[in-house]
2 protein chains.
Amino acid sequence: MEPDPYDRRCGSRQVLDRIGDRWSVLVVLTLADGTKRYGDLARRVDGISQKMLTQTLRGLERDGLVTREVHASVPPRVDYTLTALGRSLLDLVSGLEAWATTHLAEVEAARDRYDTRMSGH
Amino acid sequence: MEPDPYDRRCGSRQVLDRIGDRWSVLVVLTLADGTKRYGDLARRVDGISQKMLTQTLRGLERDGLVTREVHASVPPRVDYTLTALGRSLLDLVSGLEAWATTHLAEVEAARDRYDTRMSGH
DNA sequence: CGGGATCCTCATGGATACTG
DNA sequence: CAGTATCCATGAGGATCCCG
């Protein structure tokens with residue numbers, strides 16, 4: 001049986017869901033330029049809560065996209081790094097980021113048109 | 001001020017959110033090979049509810065990614081088509097689909113490893 | 001056929017407090 | 001510092017019924 005993302009029972013759709021997750025994308029992007037500590041990530045990704053950051057990192061770790069390395073020191077230090085698999089996703093994800101920024105104006109213009117068109121009933 | 005997807009107040013992040021949406025991705029992919037009717041989409045995208053399909057299509061239309069064309073006929077017929085802007089997203093989105101299917105096995109293997117590793121405390 | 005309107009339910013996710 | 005634990009609000013999203 002071939003993977004079919006349109007089929008909700010297929011694992012490839014679950015993978016798609018993870019990729020699509022807003023926080024996952026932002027965290028992967030933040031890790032693009034190398035290893036980061038937990039606090040670094042928390043500061044960089046604006047608006048993410050501790051809970052969601054931890055949850056997102058666990059998910060990425062579980063899916064083999066990120067490694068988690070705990071250093072036994074005081075104060076504690078935990079490093080997060082993209083795996084090879086995670087880096088293989090980087091082109092795609094940064095492509096999304098690029099699309100979002102370059103087409104932002106067009107999208108906003110379209111929204112304005114739609115909203116005024118609709119407000120006139 | 002430059003678009004910054006990491007900033008939650010920035011529009012580019014909202015654009016990123018729409019791209020990342022699971023249903024949006026699947027609907028755009030379904031429209032890749034041309035115009036589709038509402039019912040076609042509902043049948044193709046497994047598990048989507050009427051509500052979410054309509055909502056997703058409205059969102060995509062508002063953002064200028066698809067056009068909605070109503071034919072005054074009985075029975076009614078509504079066609080959805082990707083705009084130029086929507087098609088410009090196609091490479092990226094099909095890239096996501098391809099990544100999900102080709103790396104599915106790796107991700108599932110990673111999950112198994114993680115789960116067994118964690119179950120042993 | 002292509003929705004709109006409702007109701008209802010969970011899961012997402014924020015805020016806060018606490019800990020090794 | 002890097003989490004875990006808990007409580008709580010909100011809204012995403014499903015099910016159902018109805019209508020042009």
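Convention: sequence-line order gives letters A, B, ...; per-chain numbering from 1. Just so you know, these numbers use all the heavy atoms, side chains as well, and skip hydrogens, waters and symmetry mates.
- Between B:Lys36 and B:Asp33 there is a salt bridge, since at least one side-chain N of the basic residue sits less than 4.0 Å from a carboxylate O of the acidic one.
- Taking atom CZ on A:Arg43 and atom P on D:dG3, their separation rounds to 13 Å, with Å as the unit.
- Electrostatic pairing of A:Arg13 and A:Asp7 does not count as a salt bridge here, judged by no charged N lying under 4.0 Å from a carboxylate O.
- Note: CD (A:Gln55) to C1' (D:dT4) measures 13 Å, nearest angstrom.
- A straight line from NE2 of A:His71 to C1' of C:dG20 spans 17 Å, rounded to a whole angstrom.
- Closest to the B:Val78 side chain, of the nucleotides C:dG20, D:dG14, C:dG3, is C:dG3.
- The distance between atom CZ of B:Arg37 and atom C1' of C:dG3, rounded to the nearest whole Å, is 13 Å.
- For the pair A:Tyr80 and D:dG3, the criterion of a side-chain N or O lying under 4.0 Å from OP1 or OP2 is met.
- In the hydrophobic clustering of this structure, A:Val70 groups with A:Leu57; members are Ile, Leu, Val, Met, Phe, Trp, Tyr whose side-chain heavy atoms approach within less than 4.5 Å, directly or through other members.
- Across C:dC1, C:dG14, D:dG3, the shortest atom-to-atom separation from the side chain of A:Thr54 is found for D:dG3.
- Distances shown here put a side-chain N or O of A:Arg58 below 4.0 Å from the OP1 or OP2 atom of D:dT4.
- Within the structure, every side-chain polar atom (N or O) of B:Arg77 is placed at least 4.0 Å from both OP1 and OP2 of C:dG2.
- Closest approach to the A:Met52 side chain among C:dG2, C:dG14, D:dC1 is made by C:dG14 (side chain taken as heavy atoms from C-beta onward).
- If you take CG of B:Leu41 and P of C:dC1, they are 15 Å apart, rounded to a whole angstrom.
- At a threshold of 4.5 Å between non-hydrogen side-chain atoms, the residues A:Val107 and B:Leu85 count as touching.
- With a 4.5 Å cut-off on side-chain heavy atoms, A:Leu90 and A:Leu82 count as touching.
- Among the atoms of the strands shown, none is found under 4.0 Å from any heavy atom of B:Arg22.
- D:dT4 atom P lies 11 Å from atom CG of A:Leu53, rounded to whole Å.
- Remark on DNA chain C: of its neighbouring residues B:Asp40 and A:Asp21, the 5'-side contact belongs to B:Asp40, judged by nearest-heavy-atom nucleotide.
- Of the two residues contacting DNA chain C, namely B:Lys51 and B:Tyr38, the nearest-nucleotide position lying further toward the 5' end is that of B:Tyr38.
- A:Gln50 comes within 4.0 angstrom of a base, heavy atoms only.
- In this structure, B:Arg68 reaches the C:dG3 phosphate: one of its side-chain N or O atoms is under 4.0 Å from OP1 or OP2.
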